[in-house]
Amino acid sequence: MQTLVILLLLFYCSSAEEKSEESLTNLHNPPTSQTGFAFEMIMAKLSILEHRFIEKQLQTEEQLTVLSARVDQLVKTVENLAWIVQNTGETVNQLGLNGKHMQHNVTVIQRDLTQVLAEQKLLVTTHQFGEYLRQKGCNTANVSFLSDEHYATDEHYATYRSCSKVPFSQSGVYRIRPEKPFKQPITVLCDQEFESGGWVVIQHRFDGSTNFYRVWKEYSEGFGNFDGEFWLGLDRIHQLTISAPHELVILLEDFDGNRTIARYDRFEIANEKQMYVLTKIDGYTGTAGDSLSDLKGRSFSTQDVDNDAANENCAVTYTGAWWYGACHSSNLNGKYLRGETKEFATGMVWKSFRGYHYALKSSKMMIRPKM
């Protein structure tokens with residue numbers, strides 16, 4: 001029995017040893033089919049990983065290249081900006097210097113122009129105002145006409161035959177003396193702007209600041225002042241219009257800004273003894289309409305001297321002074337009523353322009369020797 005057990009144990013050990021050796025053999029030498037498949041799988045994965053790695057590396061290199069280019073561009077842009085800023089600073093400095101230089105030049109030019117204008121104004125004013133400039137503190141608003149006698153013996157003030165002979169293009173007050181019948185120079189306001197100048201202003205109204213409802217003596221001698229509204233004086237108008245043939249122009253404006261003109265090729269009035277009769281008023285042209293020719297041959301009338309053809313005193317009835325008939329189609333020395341009015345023909349009226357119920361804004365009567 002013991003022998004049998006020993007034999008069984010030896011058989012079992014021998015079998016176990018063989019299996020152990022077989023296992024070791026299998027471990028060092030795996031089956032060929034399984035070993036090849038696993039290796040191929042591993043190699044395939046490694047190949048995929050390598051491809052992806054290379055692809056990522058290329059992408060990274062491309063991105064780095066783009067980024068590098070952008071950085072280079074940014075650097076250049078910054079350099080350009082720095083150059084622009086530097087040049088801008090220099091330009092600003094230059095502009096500042098040039099601006100100061102230009103400002104200096106403008107200041108010099110303005111100073112020179114002011115001086116020239118002042119000298120011209122002083123020259124004209126010297127001829128214009130004469131003795132008036134010697135009176136310190138004199139207010140022109142309270143002064144009527146400068147006395148012609150002040151200029152008669154003073155050789156410092158130039159005298160011209162007419163406004164056309166005045167060597168200045170600036171309108172202003174000058175001393176003139178036509179050849180006849182003047183023994184002494186007279187002071188007039190010359191308009192040098194309308195139709196190339198040479199006009200003597202005989203009446204000017206534009207703001208109602210001067211009372212035109214005056215007596216005979218005042219209309220004969222003149223009133224107002226050359227800086228504002230005025231009437232030159234019938235004596236002067238007579239002397240001027242008989243010294244040479246004169247034309248008359250009347251500039252009118254209403255309060256709506258409408259301007260119009262009445263022009264007469266010949267204008268003349270007689271002397272005081274003949275009541276300043278309107279002897280010549282011919283050759284009308286213009287846009288205002290003719291509201292004066294019908295008064296030809298009529299004498300001048302004022303509130304205290306009635307020379308009209310009506311039963312009433314037209315100057316009193318219509319608050320003016322004019323060459324009235326019975327009574328008028330124009331009343332440029334009437335009341336200053338400022339436009340539409342319920343009053344009939346009492347205002348500064350030119351019938352053919354705005355009718356009897358409209359008082360005009362401005363009136364300017366001027367005469368000039370005919371060439």
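Predicted model only: the values in this text are computed from it and were never measured.
- Using modelled atom types, one finds no donor on one side chain facing an acceptor on the other under 3.5 Å when comparing Gln192 with Ser171.
- A donor-acceptor contact closer than 3.5 angstrom links the side chains of Glu272 and Trp216.
- Between the CG atom in Asn313 and the CG atom in Asp304 there is a gap of 8.5 Å [rounded to 0.5 Å].
- The salt bridge (Lys or Arg N to Asp or Glu O under 4.0 Å) test applied to Asp294 returns no partner, not counting sequence neighbours.
- Salt-bridge check for Lys364 with Glu253: failed, with every basic side-chain N at 4.0 Å or more from each acidic carboxylate O.
- The same ILVMFWY cluster, assembled from side-chain heavy atoms under 4.5 Å apart, contains both Ile176 and Leu232.
- Here the CH2 atom belonging to Trp231 is positioned 11.0 Å from the OG atom belonging to Ser220, to the nearest 0.5 angstrom.
- Proximity of Ile367 to Leu240: side-chain heavy atoms (C-beta onward) are separated by under 4.5 Å at one or more points.
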Step by step, would you call Val215 with Gln303 a side chain to side chain contact (heavy atoms under 4.5 Å, CB included)?
CA-CA 6 Å; Val215 297; Gln303 57 180 288; 4.1 Å; yes

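- A heavy-atom distance below 4.5 Å is not found between the side chains of Pro178 and Gln239.
- Note: the hydrophobic cluster containing Met275 also contains Leu295 (ILVMFWY, side chain heavy atoms under 4.5 Å, direct or indirect links).
- Look at Arg354 and Asp256 and you find a salt bridge, because one of the NZ, NE, NH1 or NH2 atoms lies within 4.0 Å of a carboxylate O, short of that distance.
- Checking side-chain atoms of Asp306 against main-chain N and O of Cys314 turns up no donor-acceptor pair under 3.5 Å.
- Trp323 contributes no side-chain N or O that, together with a main-chain N or O of Lys296, makes up a donor-acceptor pair within less than 3.5 Å.
- Here the shortest heavy-atom pairing between Arg368 and Glu195 reads NH1-O, 3.1 Å.
- Judged by a 6.0 Å distance limit and a 45° cone about the ring axis, Arg298 is not positioned over the six-membered ring of Tyr324.
- Residue-environment remark: CZ (Arg161) stays at or below the threshold of 12 foreign heavy atoms within 6.0 Å.
- Hydrophobic clustering (ILVMFWY, side-chain heavy atoms < 4.5 Å, transitive): Val349 and Leu248 are in distinct clusters.
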Chi angles and distances behind the side chain to side chain contact (heavy atoms under 4.5 Å, CB included) call for Gln170, Cys190:
CA-CA 9 Å; Gln170 178 180 351; Cys190 295; over 6 Å; no

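- Ser363 and Leu332 make their closest contact through OG-CD1, 3.5 Å (heavy atoms, listed as atom of the first residue, atom of the second, distance).
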Evaluate the side chain to side chain contact (heavy atoms under 4.5 Å, CB included) criterion for residues Met366 and Phe194: first the C-alpha distance (whole Å), next the side-chain angles of each, then the deciding distance (0.1 Å), finally the verdict.
CA-CA 10 Å; Met366 303 188 294; Phe194 182 76; 3.9 Å; yes

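- The side chain to side chain contact (heavy atoms under 4.5 Å, CB included) test with Ile202 is passed by exactly one of Ile250, Leu234, Thr241, Ile237: Ile237.
- Closest non-hydrogen pair, Thr341 versus Ala359, comes out as CG2-N, 4.5 Å.
- In this view, Glu193 satisfies the salt bridge (Lys or Arg N to Asp or Glu O under 4.0 Å) rule with no residue, not counting sequence neighbours.
- Checking Ser299 against Gln274 by side-chain atom types alone, no donor-acceptor pair falls below 3.5 Å.
- Closest approach of Leu252 and Ala288 over heavy atoms only: CD1-CB, 4.3 Å.
- Note that the CG atom of Asp235 and the CD1 atom of Ile186 stand 10.5 Å from one another [nearest 0.5 Å].
- With rounding to the nearest 0.5 angstrom, the OG1 atom of Thr279 is 8.0 Å from the CZ atom of Arg266.
- Inter-residue side-chain proximity for Arg205 and Met348 is flagged as met; some heavy-atom pair is nearer than 4.5 Å.
- Under a hydrophobic-cluster definition in which Ile, Leu, Val, Met, Phe, Trp and Tyr are linked whenever side-chain heavy atoms come within less than 4.5 Å, directly or via other members, Trp350 and Tyr358 are assigned to the same cluster.
- Asn258 CG to Phe353 CZ: the interatomic distance, rounded to the nearest 0.5 Å, is 5.5 Å.
- Rounding to the nearest 0.5 Å gives a distance of 9.0 Å between OG1 of Thr302 and OH of Tyr213.
- Of the charged side-chain nitrogens involved, none lies within less than 4.0 Å of a carboxylate oxygen, so that Asp207 and Lys361 do not count as a salt-bridged pair.
- The hydrophobic clustering, which links ILVMFWY residues whose side-chain heavy atoms are closer than 4.5 Å, places Ile281 and Trp322 together.
- Side chains of Thr319 and Thr346: a donor-acceptor N/O pair is absent below 3.5 angstrom, by distance only.
- Checking side-chain atoms of Glu229 against main-chain N and O of His204 turns up no donor-acceptor pair under 3.5 Å.
- The ring-ring contact (aromatic ring centres under 6.0 Å, His included) analysis of residues 243-267, with sequence neighbours excluded, yields the pairs Tyr264-Tyr284.
- Aromatic pair Tyr276/His238: ring centres not closer than 6.0 Å.
- Taking 4.0 Å as the cut-off between side-chain N and carboxylate O, Asp254 and Arg259 do not count as a salt-bridged pair.
- The aromatic rings of Phe344 and Tyr356 sit tilted, their planes meeting at an angle between 30° and 60°.
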Are Cys163 and Asp191 close enough, and set up right, to give a side chain to side chain contact (heavy atoms under 4.5 Å, CB included), and what steps lead you there?
CA-CA 8 Å; Cys163 287; Asp191 186 302; over 6 Å; no

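- The closest donor-acceptor contact from the side chain of Ser330 to the backbone of Ser291 lies under 3.5 Å.
- Residues Ser301 and Asp308 come closest through the heavy atom pair OG-N, 3.1 Å.
- Using cut-offs of 30° and 60° for the angle between ring planes, the Phe226 and Phe230 rings count as perpendicular.
- Looking at Lys370 and Glu247, no side-chain N of the basic residue comes within less than 4.0 Å of a carboxylate O on the acidic one, giving no salt bridge.
- Using a 4.0 Å cut-off between charged side-chain N and carboxylate O, Glu221 and Arg214 make no salt bridge.
- The aromatic rings of Phe300 and Tyr219 sit tilted, their planes meeting at an angle between 30° and 60°.
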